[in-house]
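Below: the structure, in structure tokens.
Residue indices begin at 1 and follow the sequence shown.
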Amino acid sequence: MTAREVVVFAAENNCQMVDYKFLDFVGVWQHFSTPMSEFSEETFEEGIGFDGSSIRGWQPIHNSDMLLIPDPTTAKIDPFIKISTLSLICDVIDPITREGYSRDPRFIAKKAEAYLCSTGIADTANFGPEPEFFIFDDVRFNSTSNESFYSLDSVEGAWNTGREEFPNLGYKPRHKEGYFPCAPTDSFVDLRNEMVQVLQSVGMRIEASHHEVATGGQNEIDMRFDSLLHMGDTLQWFKYIVKNVAFRNGKTVTFMPKPLFGDNGSGMHCHQSLWKDGVNLFAGDGYGGLSKMAMYYIGGIMKHAKALCAFTNPSTNSYKRLVPGYEAPVNLAYSNRNRSASLRIPVTSNPKSKRIEYRTPDPSCNGYLAFAAQLMAGLDGIENKIDPGQPLDKDIYGLSPEELKDIPSVAGSLLEALQCLKADHAFLLKGDVFTEDVIEKWIEYKMEAEVDPVRMRPVPLEFQLYYDC
């Protein structure tokens with residue numbers, strides 16, 4: 001829609017409020033609202049001021065004034081607010097220069113798409129993420145100077161087979177046996193269906209939904225692929241809707257990669273392909289039906305994978321999932337059909353469906369940054385003709401240490417990922433997509449707010465291991 005069409009759309013839907021949404025540096029949606037009386041076509045030109053110093057990782061207090069400019073193409077009716085409310089995703093603008101703010105993740109995604117077009121390689125990068133999530137009935141946690149704990153519970157949890165539930169009806173998925181059981185073992189059919197309906201109500205195309213491997217309520221809802229920027233917007237709506245549908249049903253959702261010990265974590269496999277003039281450039285006659293361009297793209301992902309982890313797996317919790325020796329996508333190899341490789345080539349006979357699937361990312365990421373970084377790594381592979389080597393069609397999880405020693409892996413911790421990003425980020429700076437300021441601030445924020453606080457605190461297991469030492 002144009003600005004004028006949005007105003008008409010709001011009137012037709014009897015909107016009483018306007019909600020302005022934007023993403024902070026880390027990856028969480030922020031918002032504020034105004035009455036409809038304060039909204040007009042001019043809003044899309046003039047913008048709305050806000051305090052940038054109150055947003056994580058953004059402006060200092062002495063230089064805090066920022067502007068939000070709504071994007072009229074993102075207009076929707078918010079499905080959760082009681083009174084009819086127009087929702088708009090906004091770009092963050094410097095009020096003096098009127099240029100995009102370098103630390104606005106959406107602006108970085110826009111620049112990534114612009115850079116892709118400027119190379120002449122392709123005009124569209126399509127992404128299809130698969131964000132997994134857990135649904136819990138109760139969550140409690142705290143961390144102080146003398147106490148630290150967390151407690152999660154789900155009626156589906158395998159640990160609750162002996163709990164008094166008046167009555168306990170059983171049907172709880174065993175550890176690592178939650179993939180595709182029917183009801184009543186899968187108790188979330190109705191809740192997922194409600195999520196799908198609301199997701200579709202805001203224009204999202206949903207392809208499938210199902211229970212996932214872990215006990216305790218791991219689920220997945222798959223959405224149709226879209227271009228990089230649009231998928232960044234869609235992923236934010238996805239998280240917002242899934243969390244709010246669960247909340248209004250007395251449940252809670254987390255996209256933490258590894259909330260439960262001893263069972264599968266949540267990944268966000270990213271399917272991706274490059275297109276030009278409506279033609280899929282990844283389709284070819286090479287291995288797995290891929291083109292040489294697609295192979296070079298894989299080479300770029302593999303070369304920069306450790307640095308990419310700083311954006312695709314950006315939490316300390318991410319590396320509780322990415323542990324070598326378990327069924328985790330840590331091995332940097334590519335293969336046709338093989339889900340033990342970090343880069344899989346899905347089997348399809350349709351040239352339009354040819355794509356690569358990068359299995360390492362997880363849903364704690366900031367989608368705009370994660371997609372943009374993967375694209376830039378892939379383009380670096382294409383521009384420099386980086387050969388990914390030979391495919392690995394074996395079950396990597398079953399290889400001996402001797403066989404594994406020559407297979408590279410992704411970062412083993414957030415600290416390592418940040419160190420690798422510091423050493424390897426020139427590919428991200430092309431086209432001014434990421435800037436030195438963004439890289440420096442990302443590393444600084446992650447170290448001060450996440451890495452150091454986590455590594456400085458004792459955890460309960462350490463008392464079990466060491467209290468009597």
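- For the 3.5 Å distance criterion, the side chains of Ser84 and Asn14 fail to qualify, holding no donor opposite an acceptor.
- With 3.5 Å as the limit, one finds a donor-acceptor pair spanning the side chains of Thr73 and Asp71.
- The structure places CG of Asn244 at 8.0 Å from CZ of Arg248, a figure rounded to the nearest 0.5 Å.
- In summary, the side chains of Ser151 and Arg140 do present a donor paired with an acceptor at a separation below 3.5 Å, with no hydrogens or angles considered.
- Residues that satisfy the salt bridge (Lys or Arg N to Asp or Glu O under 4.0 Å) test with Asp137, not counting sequence neighbours, are Lys251.
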**OP:** Please report the C-alpha distance between Val323 and Val330 in whole Å, then the side-chain angles of each, then the deciding distance to 0.1 Å, and finally whether the side chain to side chain contact (heavy atoms under 4.5 Å, CB included) criterion is met.
**Re:** CA-CA 7 Å; Val323 178; Val330 299; over 6 Å; no
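- Heavy-atom contacts from other residues, nucleotides or ligands closer than 6.0 Å to CD of Glu165 number more than 12.
- In this structure, CD1 on Ile241 lies 6.0 Å from OG on Ser201, to the nearest 0.5 angstrom.
- You'll find the side chain of Glu156 reaches within 4.5 Å of the side chain of Phe188, heavy atoms only.
- Side-chain contact, Asn160 with Lys172: no donor N or O sits under 3.5 Å from an acceptor N or O.
- Counting only N and O atoms by type, the side chains of Thr316 and Glu450 include no donor and acceptor under 3.5 Å apart.
- Among residues two or more places apart in sequence or in another chain, the side chain to side chain contact (heavy atoms under 4.5 Å, CB included) test is passed with Phe107 by Asp104, Lys111.
- Ring geometry for Phe136 against Phe134 counts as parallel: the plane angle stays under 30°, on a 0 to 90° scale with 60° as the upper cut.
- Between Pro259 and Leu152 the shortest side-chain heavy-atom distance falls below 4.5 Å.
- A salt bridge does not link Asp123 to Lys276: none of the charged nitrogens lies less than 4.0 Å from a carboxylate oxygen.
- Atom-to-atom distance recorded for Leu399:CG and Leu392:CG is 6.0 Å, nearest 0.5 angstrom.
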Would you tabulate the side-chain donor-acceptor contacts of residues 295-303 under 3.5 Å, counting partners in other chains and residues two or more places apart, or write 'none'?
unit_1 : atom_1 : unit_2 : atom_2 : d
Tyr297 : OH     : Gln272 : OE1    : 2.8

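- A salt bridge links Glu207 with Arg224; the closest basic N to acidic carboxylate O contact falls under 4.0 Å.
- Taking the six-membered ring for Trp and the full ring otherwise, Trp275 and Phe282 have centroids separated by 6.0 Å or more.
- Under the 3.5 Å distance criterion, with hydrogens and angles disregarded, no donor-acceptor pair is assigned to the side chains of Asp19 and Ser87.
- At a cut-off of 3.5 Å, with distance as the only test, a side-chain donor of Tyr287 or Asp393 sits close to an acceptor on the other residue.
- Pairs passing the side chain to side chain donor-acceptor pair (under 3.5 Å) check and including a residue from residues 408-418, sequence neighbours excluded, read Lys306-Glu416.
- Using modelled atom types, no side-chain atom of Asp380 and backbone atom of Met376 make a donor-acceptor pair closer than 3.5 Å.
- By the 30° and 60° cut-offs, the orientation of the rings of Phe25 relative to Trp442 is perpendicular.
- Asn219 pairs with exactly one of Met195, Glu212, His210, His211 by the side chain to side chain contact (heavy atoms under 4.5 Å, CB included) rule, that one being His211.
- A donor-acceptor pair is defined here as one N or O able to donate and one able to accept, closer than 3.5 Å; no such pair exists between the side chain of Thr234 and the backbone of Asp226.
- Atom CZ of Arg4 sits in a sparse spot, with 12 or fewer heavy atoms from other residues, nucleotides or ligands closer than 6.0 Å.
- In terms of modelled atom types and a separation under 3.5 Å, the side chain of Asp387 and the main chain of Gly389 share a donor-acceptor contact.
- Side-chain contact between Glu383 and Thr119 is present, with heavy atoms from C-beta onward closer than 4.5 Å.
- Ring-plane geometry between Phe39 and Tyr20 is classed as tilted, the angle between the planes lying from 30 to 60 degrees on a 0 to 90 degree scale.
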**OP:** Could you check Thr185 against Glu177 for side chain to side chain contact (heavy atoms under 4.5 Å, CB included), going step by step and ending with a plain yes or no?
**Re:** CA-CA 10 Å; Thr185 303; Glu177 294 187 25; over 6 Å; no
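- In this structure, Lys176 places its NZ atom where more than 12 heavy-atom neighbours from other residues, nucleotides or ligands lie under 6.0 Å away.
- Residues Tyr368 and Lys110 are not in side-chain contact: their nearest non-hydrogen atoms beyond the backbone lie 4.5 Å or more apart.
- Applying the side chain to side chain donor-acceptor pair (under 3.5 Å) rule to Arg205 yields no partners; only residues at least two apart in sequence or on another chain are considered.
- Classification of Asp190 and Arg192 as a salt-bridged pair fails, no side-chain N sitting under 4.0 Å from a carboxylate O.
- Annotation: side chain of Ser273 is not in contact with side chain of His271 (no heavy-atom distance under 4.5 Å).
- Using modelled atom types and a 3.5 Å distance limit, the side chains of Gln218 and Ser266 yield a donor-acceptor pair.
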**OP:** Could you give me the CA-CA distance, side-chain angles and deciding distance for Trp29 and Tyr240, then say whether ring-ring contact (aromatic ring centres under 6.0 Å, His included) is met?
**Re:** CA-CA 8 Å; Trp29 245 358; Tyr240 177 72; 5.6 Å; yes
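- Between Phe434 and Phe311, the ring planes lie tilted relative to each other; the angle falls in the 30° to 60° range.
- Note on Asp233 versus Lys21: no salt bridge recorded, every NZ/NE/NH1/NH2 to OD/OE distance being 4.0 Å or above.
- Ring planes of Trp159 and His175: tilted class, angle from 30 to 60°.
- Taking 4.0 Å as the cut-off between side-chain N and carboxylate O, Arg321 and Glu132 do not count as a salt-bridged pair.
- Closest approach of Leu86 and Cys15 over heavy atoms only: N-SG, 3.7 Å.
- Here the NZ-OH distance, from Lys430 to Tyr115, works out to 5.0 Å after rounding to the nearest 0.5 Å.
- More than 12 heavy-atom neighbours from other residues, nucleotides or ligands sit within 6.0 angstrom of CG on Asn350.
- Shown here is Phe80, whose CZ atom has more than 12 heavy atoms of other residues, nucleotides or ligands within 6.0 Å.
- Across all non-hydrogen atoms, the minimal contact from Ile77 to Val202 is O-CG1, 4.3 Å.
- Remark: Phe32 CZ is packed, more than 12 non-hydrogen atoms of other residues, nucleotides or ligands lying under 6.0 Å away.
- The distance from atom OG1 of Thr312 to atom CG of Leu322, rounded to the nearest 0.5 Å, is 8.0 Å.
- In this structure, Met223 and Pro131 have side chains that are in contact, with non-hydrogen atoms separated by less than 4.5 Å.
- Within 6.0 Å of CZ in Arg56 there are more than 12 heavy atoms belonging to other residues, nucleotides or ligands.
- Considering only residues two or more places apart in sequence or on other chains, Lys441 meets the salt bridge (Lys or Arg N to Asp or Glu O under 4.0 Å) condition with Glu444.
- Between Asn313 and Thr360, some side-chain heavy-atom pair lies under the 4.5 Å cut-off.
- No side-chain donor-acceptor contact under 3.5 Å links Ser315 and Asn317.
- Atom CZ of Arg344 and atom CZ of Arg355 lie 7.0 Å apart (nearest 0.5 Å).
- Nearest approach of Gly288 to Ile345, heavy atoms of both residues: O-CG2, 3.7 Å.
- No side-chain heavy atom of Pro173 sits under 4.5 Å from any side-chain heavy atom of Tyr179.
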